[in-house]
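See structure below.
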2 protein chains.
Amino acid sequence: MRTAEFDRETVLRNAMQAFMTYGYNKTSMPKLTEVTGLHPGSIYCAFKNKKGLLLAAIDQYQADRRVHYQKLFENSTSLRCALERFLQDLVGECLGDESKKVCLLTKTLNEIGEQDADIQTALSTNLSQFESLIRQQFLIAWPDSEALSEDEATKRARFFIMSVYGIRTYAATQCDSSHLNALADRLLEVSV
Amino acid sequence: MRTAEFDRETVLRNAMQAFMTYGYNKTSMPKLTEVTGLHPGSIYCAFKNKKGLLLAAIDQYQADRRVHYQKLFENSTSLRCALERFLQDLVGECLGDESKKVCLLTKTLNEIGEQDADIQTALSTNLSQFESLIRQQFLIAWPDSEALSEDEATKRARFFIMSVYGIRTYAATQCDSSHLNALADRLLEVSV
DNA sequence: GTTTAACTTGAATAATGATTCAAGAATCCC
DNA sequence: GGGATTCTTGAATCATTATTCAAGTTAAAC
């Protein structure tokens, strides 16, 4: 017997960052050995192949995101407050460094979603989990806000999520702080 | 002297379709020779290299889009009518075949925009042209609608475009006709 | 302390990638 | 029709890719 020398979560976060920066196809195995510190053989032993490493990184990404948003939503006093925090965080990420500008899920979906069923399934699953997370915020009976019907909450959450994708893409086209804030403000207005 | 045997526009449209279907990195030169009918040497002679072919395809894409939307907007009687047509067309594309589901500009930006300055410039230029095209619709003093200030038109057009990106991405996550139509309807409501 | 199973190493492999180039073919101009 | 110019051809080249594997190393178990 022998225990693995590397820390799985660290390896996955490094791989994840590389995938977000360069995209799946342009993240070569040499690059992955470099950023993870693992030799090819170890990667193939632990994750089967490059695609397996991507799938594991996607799961890690989603787990990290869930924690991040649960913290972000803690102690919100109203739907408006929760969405405001979310949007501020989003705009901050869009203006931040390369590796946080993009969402691993949508970036990967855009790049290779149509070409691989396993990856498409993994991404769809994780993206609808993300949609649920937002939908829950719309469904909470806030002390300071009126309650929404299930149907209305679903529709509004969907529009919100769709616009979040839009803001991320818009930020890729032109990274202007005032434009992004204006878009976020407007989205908040039409959502709440 | 000798005239070229191939039709440049046809070649570019075929290349464009391949780039939209497979993405830049996964559209190999063998694939490009297949879809364009040109031999490697001819491609390198006419477009310098693979990147040059992409840049030319981007220009052709934008030229085609401009014509498409000018036709689409012809004889609109109000802003609402123009946007309605645009959104119907958009949802139709999202539900249609692979090569029309995506926008070459945003797809390429997502995949390799950060990695190549020339491509980023070309995409930014074309995307802001597209934004202008939509902005013009908001600025027209329609017979049936009230006029907007320049500033208000710019802001609304920007939010609209951002949401169009969002709808395209959302369609990639789940291609549900009723969801897409509901998103389009809501976008129309908050835009006009 | 020896065994044993598991992890690590990194060079070798085989496939695929973009790009070049020299030879051949076709058209225009005089 | 002859020459000049340009386009076409496609095999060869060189770089890069993902993946494998056999040898080496480590630590837990008895």
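Lettering of chains follows the sequences in order, A, B, ..., and the numbering in each one begins at 1.
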For A171(B), check side chain to side chain contact (heavy atoms under 4.5 Å, CB included) against everything at least two apart and list the hits.
-> C94(B), L180(B)

Any side-chain heavy atom of E152(A) sitting closer than 4.5 Å to one from R156(A)?
-> yes

Rounded to the nearest Å, what distance is computed from the CG atom of residue L54(B) to the P atom of nucleotide dA18(C)?
-> 13 Å

Within residues 27-47 of chain B, find the residues that approach DNA chain C with a heavy atom at under 4.0 Å, and present them sorted by residue number.
-> T27(B), S28(B), M29(B), P30(B), P40(B), G41(B), Y44(B)

Rounded to the Å, how far apart are K50(B) NZ and dA18(C) P?
-> 4 Å

Inspect the contact between E74(B) and K71(B) and indicate whether a charged nitrogen and a carboxylate oxygen are less than 4.0 angstrom apart.
-> no

In whole Å, what is the span from the OH atom of Y22(B) to the P atom of dT16(C)?
-> 16 Å

How long is the line joining CZ of F6(A) and C1' of dT25(D), in whole Å?
-> 16 Å

Tell me, yes or no, whether the heavy-atom count around D97(B) atom CG, taken from other residues, nucleotides or ligands under 6.0 Å, exceeds 12.
-> yes

Checking salt bridge (charged side-chain N to carboxylate O under 4.0 Å, His left out) for the pair R135(B)/E150(B): CA distance, chi angles, key distance, verdict?
-> CA-CA 9 Å; R135(B) 188 167 163 274; E150(B) 284 231 356; 3.3 Å; yes

Check whether NZ of the Lys or CZ of the Arg K26(A) lies under 6.0 Å from the centre of the six-membered ring of F19(A) and within 45 degrees of that ring's axis.
-> no

Roughly how many Å is it from CG in N25(B) to P in dA15(D), rounded to a whole number?
-> 20 Å

